[in-house]
Amino acid sequence: MKLRLLPVVLSVIISAGVLFGGWFAYTSFAMENPLSDIISKVPGVTSSTMKLNSDRVDIEVALSQDASLRTVVDRIHKDGASIIGKRTVNIDVKSNPSDKLELWWSKALFEVAQAMETKHYADIPTTLQKYAAEVPTMKVETEMDQSNVYIRLTDGDATKFIMLPRSSQIGVWPNE
């Protein structure tokens with residue numbers, strides 16, 4: 001039996017097209033689009049982009065000035081749990097900070113970093129309020145859940161959202 005090259009090549013190309021096209025359609029219509037809809041319906045989210053990989057989900061969100069970052073993260077994890085599955089979620093928040101706000105945050109960051117490192121989370125709101133007292137237009141809000149500390153800094157039209165992970169690194173002491 002003599003195989004003809006053209007029909008074999010055509011059937012390989014068509015089969016690959018159907019398989020990869022089906023995989024792309026499934027990923028797009030059954031996974032990415034529903035998760036994008038969930039994210040866009042969260043109160044406070046003004047825009048978002050998302051990239052779904054086999055092991056992680058990268059989400060970039062822009063939030064309104066009065067949004068609660070903790071609520072946004074919580075809703076993404078809860079409402080999107082069936083789509084996210086065991087993937088790790090990386091959320092990048094796009095803010096609208098001013099140079100003045102960035103300078104203010106850089107001054108307060110040392111004490112906030114120390115509180116995070118020593119796990120004295122109750123010191124964070126106190127520290128930020130202390131620094132905010134120096135700037136009459138500054139508003140500071142802090143929230144916390146089991147995995148992150150959330151900070152929202154507002155100065156006029158400028159807003160900065162910060163999400164600090166509460167991850168503890170457990171290691172083994174070396175026997176030297």
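This is a predicted model, so every value here is computed, not measured.
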Are [X] and [Y] in one and the same hydrophobic cluster, where Ile, Leu, Val, Met, Phe, Trp and Tyr link if side-chain heavy atoms are under 4.5 Å apart?
| X | Y | answer |
| --- | --- | --- |
| L35 | V93 | yes |
| I151 | F110 | no |
| M163 | V57 | yes |
| L109 | L101 | yes |

Going by heavy atoms in the side chains, are [X] and [Y] under 4.5 Å from each other?
| X | Y | answer |
| --- | --- | --- |
| V112 | L164 | yes |
| L69 | E143 | no |
| D74 | D145 | no |
| E111 | D123 | no |

Run the side-chain contact (heavy atoms from CB on, under 4.5 Å) check on L63 and V45 step by step: do they pass?
-> CA-CA 5 Å; L63 302 176; V45 174; 3.8 Å; yes
Say whether, by atom type as modelled, one donor and one acceptor occur between the side chain of [X] and the main chain of [Y] under 3.5 angstrom.
| X | Y | result |
| --- | --- | --- |
| E141 | Y150 | no |
| S106 | L103 | yes |
| R152 | T159 | no |
| R166 | V149 | no |
| S48 | S40 | no |

With [X], which residues qualify under salt bridge (charged side-chain N to carboxylate O under 4.0 Å, His left out), at least two apart?
| X | answer |
| --- | --- |
| D92 | K94 |
| E60 | none |
| D58 | R56 |

Heavy-atom pair with the smallest gap, counting every atom of [X] and [Y]:
| X | Y | answer |
| --- | --- | --- |
| A115 | I124 | CB-CG1, 3.7 Å |
| A122 | P125 | O-CD, 3.4 Å |
| P165 | M116 | O-CE, 3.3 Å |
| S11 | P7 | OG-O, 2.8 Å |
| V140 | A132 | CG2-CB, 3.7 Å |
| H120 | T118 | ND1-OG1, 2.8 Å |

Quick check for you: to the nearest 0.5 Å, what is the distance between [X] atom [atom1] and [Y] atom [atom2]?
| X | Y | atom1 | atom2 | answer |
| --- | --- | --- | --- | --- |
| M138 | Q129 | CE | CD | 10.5 Å |
| I59 | I91 | CD1 | CD1 | 5.0 Å |
| F161 | R70 | CZ | CZ | 13.5 Å |
| I83 | L52 | CD1 | CG | 8.5 Å |
| L128 | I162 | CG | CD1 | 7.5 Å |
| R75 | S68 | CZ | OG | 11.0 Å |

Using the side-chain contact (heavy atoms from CB on, under 4.5 Å) rule, take R87 and N53 through it: C-alpha gap first, then chi angles, then the decisive distance, then the call.
-> CA-CA 8 Å; R87 295 176 181 92; N53 292 329; over 6 Å; no
Distance-only polar pair, side chains of D155 and T137, donor-acceptor under 3.5 Å = yes
For [X], I'd like to know if atom [atom1] has over 12 heavy atoms of other residues, nucleotides or ligands within 6.0 Å.
| X | atom1 | value |
| --- | --- | --- |
| K51 | NZ | no |
| D157 | CG | no |
| Q114 | CD | no |

Test side-chain contact (heavy atoms from CB on, under 4.5 Å) on K100 and V135 and set out the steps.
-> CA-CA 10 Å; K100 178 182 169 186; V135 182; 4.0 Å; yes
